[in-house]
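For this chain, numbers begin at 1 and follow the sequence in order. Remember, it's 1-based here, ligands and their atoms both numbered in the order they're listed.
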Amino acid sequence: MKSLIEVNNLTKKYGNHEAVRNLSFRVEKGQIYGFLGPNGAGKSTTMNIITGYLCATEGTVTINGHDIFKEPEKAKENIGYLPELPPLYQDMTVLEYMKFVAELKKLEKSSRSDQISEAMEMTGVAEVSSRLIKNLSKGYRQRVGFAQAILGYPEIIILDEPTVGLDPKQIIEIRDLIKKLGENHTIILSSHILSEVSAVCDQILIMSKGQLVANDTPENLAMMLKGNHSISLLVNGGESGIYDVLKKLEQIQDFNVSARPDSALCQVSISLSEQSEEEIAGIEEAVFYALAAAKMPIHEMKTTHASLEDVFLELTSSDFNPEAADTEAAADIIETVEAAADTVEAAETAETVQTEEDDNHAGNL
Ligand code: ADP
Ligand code: MG
């Protein structure tokens, strides 16, 4: 069966620099897809190619069976796009702007005003329809961007970093709007922030240095680092005694006991594989009772679950090279993904200034 979007071996070079390398993926109807990756990973480039605003160096993209390079008009009919920098005309009112977009999209004249009203209702900008765009808050401007994207009922909505620059309240509102749009549309959104993508997406595509490094559900991605799941304990007892007790537990295969210097406590680490949460709880209890029966009190027990954040950091860690962020800042990435993203963002801003001259994204709509 044909997928709604089929991307095959897509490569985009800017001079010698490969911004996107041999990218292949499919998008099925009705799902919300998230492109996740640090700044500079190639998300915007990919979106600009899929939406027909940038040509590819190699590869093919078909939208609903139409080749975006050979039949751009037909392919684009299926897509509503909100680029990273929405092309809003500041001196138009919201309604004037929507009429202008309807003209560009060549919407049927008879149903034009109904379609405009519907798009404005859906995105919550109807009440500001007579306001000048330049006088709107950033959150409302972003909603107007959404309104122009969904005008004309495109099947696919593509949103490039739709929550960047918004405050937390606006982010939640936009997230809700994305979920609402997801009921009737297929959505692809990009973000460099993991929590953003995992909050709304059914499928996550992680990009790093122009390549796809993962394409899976949030749940499966979280399972990927299964080797990193473990139970760690501090136990009051002798090394060999603890070893003998744990060896008798059949739920445990792989564990390690090491005495702590200058202390009666031993550090124990039990590796987990693909156990469910229930099974893990069962192991924790078995360990508790076995050590208690042997009079070896547990002083501390904690289970570390590999999180999506770990997966993201592991898969994209090579992005953080000394050119993108200084080494000290790069060390901080272990703290949180958001912190890392912001660090690189600063470096990216500098880079953007540098590459602005040959930037050919201008005039997107
Ligand atoms: P993302 O959206 O994931 O932050 P981009 O697709 O914007 O990434 O950029 C991918 C890479 O391509 C980056 O290294 C960026 O500097 C480079 N790049 C993007 N646009 C241009 C351009 N017009 N000219 C030269 N290099 C570019
Ligand atoms: Mg981008």
Test your reading of the structure: does G40 have an N or O sitting under 3.5 Å from an N or O of ligand 1?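 Right, the criterion is met.
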Has ligand 1 got any nitrogen or oxygen that is less than 3.5 angstrom from a nitrogen or oxygen of T46?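 Min N/O separation from ligand 1 is not below 3.5 Å for T46.
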Kindly compute the distance separating [atom1] ([X]) from [atom2] ([Y]), expressed to the nearest 0.5 Å.
X    : Y   : atom1 : atom2 : result
I133 : M98 : CD1   : CE    : 9.5 Å
I188 : I5  : CD1   : CD1   : 3.5 Å
R21  : T57 : CZ    : OG1   : 12.5 Å

Under 4.0 Å between a Lys/Arg side-chain N and an Asp/Glu carboxylate O for [X] and [Y]?
X    : Y    : result
E155 : K29  : yes
K169 : E173 : yes
K209 : E18  : no

Contacting atoms of ligand 1, where contact means under 4.0 angstrom from a heavy atom of [X]:
X   : result
T45 : 5 (P), 6 (O), 9 (O), 10 (C)
A41 : 1 (P), 3 (O), 8 (O)
S44 : 1 (P), 2 (O), 6 (O), 7 (O)

Side chain, backbone, both or neither: which applies to E84 and ligand 1 if a contact is any heavy-atom pair less than 4.0 Å apart?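 No part of E84 comes within reach of ligand 1.
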Does the residue G37 have a heavy-atom contact with ligand 1, meaning some pair of atoms that are separated by less than 4.0 Å?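 Heavy atoms of G37 never come under 4.0 Å of ligand 1.
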Any N, O or S atom of M47 closer than 2.8 Å to the Mg ion (ligand 2):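 No, since none of the N, O or S atoms of M47 sits under 2.8 Å from the Mg ion (ligand 2).
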